[in-house]
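Report on one structure; see the data block that follows.
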Amino acid sequence: MKINIAEPSTGSKDADTIHIDNFDCWSLDYTLARIIHPALIRLKETKHGYPELWEDGMVTHHNWDRQLHFDFIDEDIESNYLIDKWNGILDKMIYSFGKIMEDDYFDNKEWEKIQEGLDLFAKHYTSLWD
């Protein structure tokens with residue numbers, strides 16, 4: 001696999017080139033894990049925020065009117081809580097793709113932990129931004 005993606009600020013997709021060899025698809029889960037794992041690590045290292053992380057007990061999932069955003073709530077405490085929560089989610093995703101890269105056989109308990117990270121990846125796919 002060879003990938004060259006133009007910097008997003010250029011606005012041009014003409015410079016993007018993606019070449020996928022047949023052997024890349026023989027274990028596509030492994031191939032994609034080798035790309036996703038380091039990308040998730042870099043995202044965690046360079047992120048400047050966190051996505052909307054709705055929880056049970058909040059009035060709504062919108063950050064402008066949920067319970068955690070009333071005047072009597074310390075916004076720094078809330079922000080730190082949500083950053084820690086997002087870091088935990090990223091850690092679970094990173095763990096899962098790292099284990100897939102090891103290409104070992106897993107027992108059921110470990111597979112459940114790997115599946116949890118993959119489920120979180122799917123759930124938060126559109127939140128993987130900085």
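Considering every non-hydrogen atom in both M101 and Y30, the closest pair reads O-CE1, 3.1 Å. Residues P38 and A33 share a closest heavy-atom pair of CD-O, 4.0 Å.
The environment of CZ in F23 is crowded: more than 12 heavy-atom neighbours from other residues, nucleotides or ligands sit within 6.0 Å. Other residues, nucleotides and ligands contribute more than 12 heavy atoms inside 6.0 Å of the NZ atom of K47.
At a threshold of 4.5 Å between non-hydrogen side-chain atoms, the residues L43 and W129 do not count as touching. Side-chain contact between I100 and L118 is present, with at least one heavy-atom pair separated by less than 4.5 Å. At a threshold of 4.5 Å between non-hydrogen side-chain atoms, the residues R34 and M1 do not count as touching.
Partners of I83 under the side-chain contact (heavy atoms from CB on, under 4.5 Å) rule, at least two apart in sequence or in another chain, are Y50, S79, N87. D21 is linked by a side chain to side chain donor-acceptor pair (under 3.5 Å) to H19, counting only residues two or more places apart in sequence or in another chain.
No donor-acceptor distance shorter than 3.5 angstrom exists from the side chain of H124 to the backbone of A122, with no hydrogens or angles considered. With hydrogens and angles disregarded, a donor-acceptor distance shorter than 3.5 Å links the side chain of D16 to the backbone of A6.
We find the CG-CZ distance between L40 and F121 to be 6.0 Å, quoted to the nearest 0.5 Å. Within the model, atoms CG of L120 and CG of L90 stand 9.5 Å from one another, a figure rounded to the nearest 0.5 Å. In this structure, CG in N4 is found 4.5 Å from OG1 in T17, a value given to the nearest 0.5 Å. E116 contributes atom CD, which lies 10.5 Å from atom CE of M93 (distance to the nearest 0.5 angstrom). The structure places CD of E7 at 12.0 Å from CD1 of I5, a figure rounded to the nearest 0.5 Å. Residue T126 holds its OG1 atom at 8.0 Å from CG of L128, rounded to the nearest 0.5 Å.
A donor-acceptor contact closer than 3.5 angstrom links the side chains of D119 and Q115.
Clustering ILVMFWY residues whenever any of their side-chain heavy atoms sit less than 4.5 angstrom apart, transitively, puts L32 in the very cluster that holds W111. Hydrophobic clustering (side-chain heavy atoms under 4.5 Å, transitive across Ile, Leu, Val, Met, Phe, Trp, Tyr) keeps W26 apart from I36. Both Y125 and I41 sit in one connected hydrophobic cluster of ILVMFWY residues. Membership requires side-chain heavy atoms under 4.5 Å apart, directly or through other members.
Between K99 and E102 there is a salt bridge, since at least one side-chain N of the basic residue sits less than 4.0 Å from a carboxylate O of the acidic one.
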